[in-house]
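Sequential numbering from 1 along the given sequence is applied to the chain's residues.
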Amino acid sequence: MHIKHYLASAILCFVLASCTVPRATYSYGPSFPIENRYASWGGRIVTNQTVVDGYGNQLFEVYYPTELQGPYPIVVWGNGTGSLPPLYHELALHMASWGFVYIAPYDENVGNGRSILDAVEFLVDENSNPNSIFYTQINIGRVGAVGTSQGANGVINAHTNYPNGRLISTVVANALPTEEFIDIAGPRDTSRIRAPFVILSGTADELISPIDANLAAARRVPRGVPVMVAMSDGATHIEIEGDGGSFRGYLTAWMAYQLQGDAYAASAFAGANPEIVAHPFWRD
């Protein structure tokens, strides 16, 4: 993708002394050390920049480790219906603190996946541009796509509906809408998924993203493709807004496992005794 773009001149840097506070009904603790570790701040200072076109229109928000010592994997985000990147600002900071370049499109309707894939292609182009700060700093072979609600459909479609969807190495659908909401979220076909696939939803999101519908979507994924469904106990449809809430720890761990080859993070999901299976705040 070739877009005439400019990085906004204002650069904001953030350092969090500790991780942000999750919802009152949920806490991270030492009994489940993998979730606790990845729910905590990753340690890097983070910068975020707005990518605008020649007319000043916002295209993408990018978060990345301030001291670029890459190459870093990409995490691309899909907004919920009517939402824009600032709604998920704290989660974006958190992900970048773990050594990802996080990018989100300024698009309130990402269901067809096009703007999500545009964001990935933008960073791929920047990686080969000698005039870009991201020159040689992006690991274009490691791309994680995560989205919520309409954005959950969007990341599936970004992976399955376009030739360059093969760039996406893993897909995470948060609060995946049922077929009843297809007019808003856009159609999807999980039988076309070819990358490790996770559905993360909440037990209090039963109207839009109930367990039965999530399991049905997962079962349509082709045999041999790794797939997981996990329900956060008490989480609602908007739980992930802000700092990621109860999804933050295992979402970060999944990306570290899939995109960074982190063996400790992997043990939350794989092996004889995956931590998430034993966790009392996670179901199904």
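The closest donor-acceptor contact from the side chain of Thr160 to the backbone of Ile156 lies under 3.5 Å. Between the side chain of Thr170 and the main chain of Val143, no donor-acceptor pair closer than 3.5 Å is present. Distance alone, capped at 3.5 Å, is enough to place a donor-acceptor pair between the Asn79 side chain and the Pro105 backbone. In this structure, the side chain of Arg248 engages the main chain of Ala39 through a donor-acceptor pair within 3.5 Å. Under the 3.5 Å distance criterion, the side-chain polar atoms of Asn157 are matched with a main-chain donor or acceptor of Pro187. Using modelled atom types, one side-chain atom of Gln137 and one backbone atom of Gly70 make a donor-acceptor pair closer than 3.5 Å. No donor-acceptor pair closer than 3.5 Å links the side chain of Asn36 to the backbone N or O of Pro30. Looking at Ser267, its side chain does come within 3.5 Å of a backbone N or O of Tyr264 through a donor-acceptor pair. Distance alone, capped at 3.5 Å, places no donor-acceptor pair between the His94 side chain and the Asp243 backbone. Judged by distance alone, the side chain of Gln150 and the main-chain N or O of Val110 form a donor-acceptor pair under 3.5 Å.
Here the OG1 atom belonging to Thr47 is positioned 7.0 Å from the CD atom belonging to Gln49, to the nearest 0.5 angstrom. Atoms CG and NE2, from Asn48 and His89 in turn, are 6.0 Å apart once rounded to the nearest 0.5 Å.
Closest heavy-atom contact between Gly99 and Pro73: O-CD, 3.5 Å. The minimum heavy-atom distance linking Ile138 with Leu123 is given by the pair CG1-O, 4.0 Å. Nearest heavy atoms, Gln260 versus Trp98: NE2-O, 3.0 Å. When all heavy atoms are compared, the tightest approach of Gly147 to Val155 is N-CG1, 3.7 Å. Scanning all heavy atoms of the two residues, the minimum distance from Ile168 to Ala145 falls at CG2-CB, 3.8 Å. Of all the heavy atoms in Gly80 and Ser149, the pair that sits closest is CA-CB, 4.4 Å.
Comment: Glu121 engages Arg114 in a salt bridge, judged by a side-chain N to carboxylate O separation of less than 4.0 angstrom.
Note on Val146 and Ile238: separate hydrophobic clusters, where clusters join Ile, Leu, Val, Met, Phe, Trp and Tyr whose side-chain heavy atoms are under 4.5 Å apart, directly or indirectly. By the criterion of side-chain heavy atoms lying less than 4.5 angstrom apart, applied directly or through intervening Ile, Leu, Val, Met, Phe, Trp or Tyr residues, Val124 is grouped together with Tyr64 in one hydrophobic cluster. Under the 4.5 Å side-chain heavy-atom criterion for Ile, Leu, Val, Met, Phe, Trp and Tyr, Tyr72 and Ile133 are members of the same hydrophobic cluster. One hydrophobic cluster, built from ILVMFWY side chains closer than 4.5 Å, cannot hold both Tyr135 and Tyr63; they sit in different ones. Hydrophobic clustering, with ILVMFWY side chains joined whenever heavy atoms are under 4.5 angstrom apart, groups Ile211 together with Leu176.
Counting heavy atoms from C-beta on, the side chains of His237 and Leu207 never come closer than 4.5 Å. Using a 4.5 Å heavy-atom threshold, the side chains of Phe134 and Asn127 count as separate. Side-chain contact between Thr66 and Arg44: absent, with no pair of heavy atoms (C-beta onward) separated by less than 4.5 Å. Looking at Val75 and Val101, their side chains never come closer than 4.5 Å, going by heavy atoms from C-beta outward. Looking only at side-chain heavy atoms (C-beta outward), Pro71 and Arg142 stay at 4.5 Å or farther from each other. The side-chain heavy atoms of Ser40 and Arg37, taken from C-beta on, include no pair separated by under 4.5 Å. In this structure, the side chains of Phe247 and Ser232 come closer than 4.5 Å at one or more pairs of heavy atoms. The shortest side-chain heavy-atom distance between Thr81 and Glu108 does not fall under the 4.5 Å cut-off.
Heavy atoms of other residues, nucleotides or ligands lying less than 6.0 angstrom from CG of Asn57 number more than 12.
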Exercise. Does the pair Trp77 and Thr148 meet the rule for a side chain to side chain contact (heavy atoms under 4.5 Å, CB included), with working shown?
Worked result: CA-CA 8 Å; Trp77 174 259; Thr148 189; 3.6 Å; yes
For this session: Please report the C-alpha distance between Trp282 and Phe32 in whole Å, then the side-chain angles of each, then the deciding distance to 0.1 Å, and finally whether the side chain to side chain contact (heavy atoms under 4.5 Å, CB included) criterion is met.
Result: CA-CA 12 Å; Trp282 287 85; Phe32 296 91; over 6 Å; no
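A side-chain donor from one of Arg188 and Asn153 sits under 3.5 Å from a side-chain acceptor of the other. Using modelled atom types and a 3.5 Å distance limit, the side chains of Ser246 and Glu239 yield a donor-acceptor pair. A donor atom on one side chain and an acceptor atom on the other are found under 3.5 Å apart for Tyr38 and Asp262. With hydrogens and angles left out, the side-chain atoms of Thr50 and Glu61 include a donor and acceptor closer than 3.5 Å.
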Which pairs of donor and acceptor atoms, one on a side chain in residues 217-225, lie under 3.5 Å apart (sequence neighbours left out)?
none

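Aromatic ring orientation, Phe269 versus Tyr250: perpendicular (interplanar angle above 60°, classes split at 30° and 60°).
Aromatic rings from Phe60 and Phe122 are positioned such that their centres are separated by under 6.0 Å.
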